[in-house]
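Reviewing the structure listed below.
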Amino acid sequence: MFCQTEVVQCPSSQQKGGFFMKRGKKRTYAVRRKGGLGRRILSCWQLYVFLIPTLVYFVIFSYGPMYGVQIAFRDFSVRKGIWGSRWVGLEHFQRFFDSYYFSQLIKNTLHISIYSIIVGFILPILLALLVNELRNGKFKSILQTVTYAPYFISTVVFCGMLTIFLNNTNGLFNQIIVGLGGKPVGFLTDPSLFSHVFVWSGAWQGTGWGSIIYIAALAGIDEQLYEAAKIDGATRLQRIWHINLPHLLPTMITLLILSCGSLLGVGYEKVFLLQNSLNAATSEVISTYVYKAGLVQAQYSFATAVGLFNSVINFVILILVNAVAKRISDTSLW
Amino acid sequence: MKKKKMKWTRFDVLIYLIGFLLLLIVLYPLYFVVIASVSDPNYVNIGQVIFLPKGFNLDGYKRVLNTPEIWTGFRNSVFYTVAGTALNVVMTITAAYALSKKRLVGRNFFQFMIVFTMFFGGGMIPTYLLMKNMQMLDTVWVMIVPGAVSAYNLIVTKTFFVNSIPDELEEAARIDGASYFKTFFSIVLPLSTPIIAVMTLFYGIGHWNSYFDGMIYLSDRNLLPLQVILKEILSSAQMAANSTSMSTSEMTLLAEQQKIAEMVKYVSMIVATVPVLLIYPFIQKYFKKGIMVGSLKG
C-alpha cells in the first residue's frame, strides 16, 4: 500500500512506516530505492490514472509543436512532411535578419512591450495602495468589483469599443476634444499614437485585475506595525512608503520577472484587432507578423523561424532577469 | 468604539476623490455602450447622447434577434465554453491532485515538464500544422481539446492542494485503508470549492472570449464562435462608415442601413458580454483566494 519514499519523506506516517524504516536501514539507501521502484510506482497507480491524460496532453499539444519547430531549419512543404523537407540550416533566420522590416519589427515590439510592462507594473500597485487606504465599507468593495470587471470583456468587444470611441470624426474622445476647442486626433490612424492607445487602453482593462494580488498581500500586514509607526509619528505617506511597499516587494519582483519573460510576446490578439493599414508602421509586431507570413502567406518555415527567434529571446531574457533577481533580492521563480 | 470613528483628514478626502474618479473612468464607457445601444445613432454621432439615451428605440436589438449568424455563434460559444471548461476543470483538478502528492514517483520531472511549457513553446505555425496533421481543422474538437489544460492553472491548483488541504486529513483516511481515489472524492473535492470555482471562471471566460483560435482554425461558418462573428460585425460596419464616394440614392439607402449597423455594433457587444457579467458576481468572492494561492509560492 505505502510507497517507500513516503516513509522517508513524511514524518506523519512514522508510526506506520517505522516498520519499513527499520528493515530498510539494514540495506543501503540506493539499493532500497532501486529495488522498490516498481512497487513504489505500482502503489500510486491511481495517481497516474489522474496524471496521465494531462501528461499525454502536454506531450502532444506542447511538445508536439516544439518538435515541429524544426521546420524553421527546413524548406517545409505540406506535401513532403517534416522529414521529407530539405534541411536549409539558418537560411530563414538569415533572411529575416537581413530584411528591411527586421529592425522596424523589433523596434515596434520592444517599444510597445516595455511601455506596457512599465505601466502595467506601476498602476496596479498604486491602485492597491489606494484601495488599502479606503475604509472598509461599501465604497471599497464597489471600487474593487468595478475595477476588476473590464478584465472580463473580450478583446474583440474591447477593441470594438476602442475603435468606436476613438473614431476620427464621431468618436467620444474627439467629440470632447473638439468640444473643448481642439483639433480631432487620429488615435488609430496616426502611427505615432498607436503605442499610447495600446498601453493606456490596456491599463483601463487590466489595472483592477492586476491589483487583486497586491490588495490581498496588503490585507495581510500586521495592524501593530501601523500602530507602532503612528506612535513614532509617521505620516500616512510614510507608512505607505516604509510598511506597505516593502511588504509588496517580493510579489512585485515575481510579477516583474514574469512580465519580462514575455518582453517580445506582445499579446497579438489586441494588436491584430487594433491594426489597420494606416498605423501599420508602428503597430506591426513580431507575433502579428508571424501570423501574416505564416498563415496568410503560407510561408510556414520562414514564419516558424521568426516565431522561434522570438521565443528563444524571451526565454533567455526570462532566465537572465530571474538570475539577476535571485542575486539581488532572493526572489526568483524557481 | 470611539477610536474607530476616525476623523476625515484631507488625505482621506483626496483618496476618496481619486477612487470616485476611477469608478467613473471605468464605468462610463460601459454605460455609454448601453445607452448608445438604444439611442438613435444620429444623436450618438453628434455627441448628444451623454447621460441618457436619446431617440430611444430597440431597432438594434430587433435586428440582432433576427440575425441567425449571431445566434449560431452564440450557441457555438456556449457549447465550446461548457464542454471545454468541463474538460479543463476535470483534467486540471485530477492532475493537480496527483502532482500534489509527494509519493508520486517522478513528480519533479513531470512538474518540470509541465512548467517548462509556460516559458517556451513551438509557436503559432507548428501548432497550426499539428492541428492540420491531426485532421482537427474545422471540427469542434479544435476549439476544445488543444486548450485542455493550462500549465499555469495546473500549478495554481497544485499549490492550492499543497497549502490548503492538510496532509494529516488524508493520511488518517489512508491509514484506514482508503485508496487515493476514495480520499480524492470524499476528502479533497469537498474542500476544493474555491479553487474549482476560480478555475471554472478562468477557463470559462477564456473559452467565451477566445477569438484567435476560432479565426485561424475554423472556416466552416456553422462552427464559428460568437467572438469571430462579432469581429465581422464590428469591422464591416466600420467599412461602410468609411466609404464616402457614393451617389446620392446609394447614400440614403446606405444611411438607413448604416444607422442600424451602428446600433447592431453596440447591441452585439452587449450580447457577447452579458453572459460573463451574469456569472461574475457568483464567483467574484473566490478571486482573492484563487489568485493568492497561485502567485505566492507555497
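First the proteins, then the strands, lettered A, B, ... as listed; each starts at 1.
If you measure heavy-atom distances from B:V149 to chain A, the contacts under 4.5 Å come from both the backbone and the side chain. For a residue to count as touching a neighbouring chain, one of its non-hydrogen atoms must lie under 4.5 Å from one of that chain's; by this rule B:T273 touches chain A with the side chain only. In this structure, chain A has a heavy atom under 4.5 Å from the side chain of B:I205, while its backbone stays farther away. Heavy atoms of B:L23 lying under 4.5 Å from chain A belong to its backbone as well as its side chain. Interface residue B:I25: backbone and side-chain heavy atoms are both found under 4.5 Å from chain A. In this structure, no portion of B:M118 lies under 4.5 Å from any heavy atom of chain A.
Listed options B:T117, B:I93, B:V115 were ranked by heavy-atom pairs under 4.5 angstrom with chain A; first place goes to B:T117. Ranked by heavy-atom pairs under 4.5 Å with chain A, the list B:P146, B:G121, B:G47 is led by B:P146. Options A:F61, A:Y57, A:Y48 differ in how many heavy-atom pairs under 4.5 Å they form with chain B, and the most are formed by A:Y57. Of all the listed residues (A:I82, A:T145, A:L308, A:I176), the one sharing the greatest number of non-hydrogen pairs under 4.5 Å with chain B is A:T145. Top candidate by heavy-atom pairs under 4.5 Å with chain B, chosen from A:M66, A:Q70, A:E133, is A:M66.
Annotation: B:F212 is in aromatic contact with A:Y268 [ring centroid separation under 6.0 Å]. Side-chain rings of A:W45 and B:F181 approach one another, their centers coming within less than 6.0 Å. Ring centers of B:Y152 and B:F202: at least 6.0 Å apart, outside the cut-off. The aromatic ring centres of B:F184 and B:Y97 sit less than 6.0 Å apart.
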Self-check item: Criterion ring pair (Phe, Tyr, Trp, His ring centres under 6.0 Å) on A:F158 and A:W204, from CA distance to verdict
Solution: CA-CA 10 Å; A:F158 184 55; A:W204 182 82; 5.5 Å; yes
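Using a 4.0 Å cut-off between charged nitrogen and carboxylate oxygen, B:R103 and B:E171 count as a salt-bridge pair.
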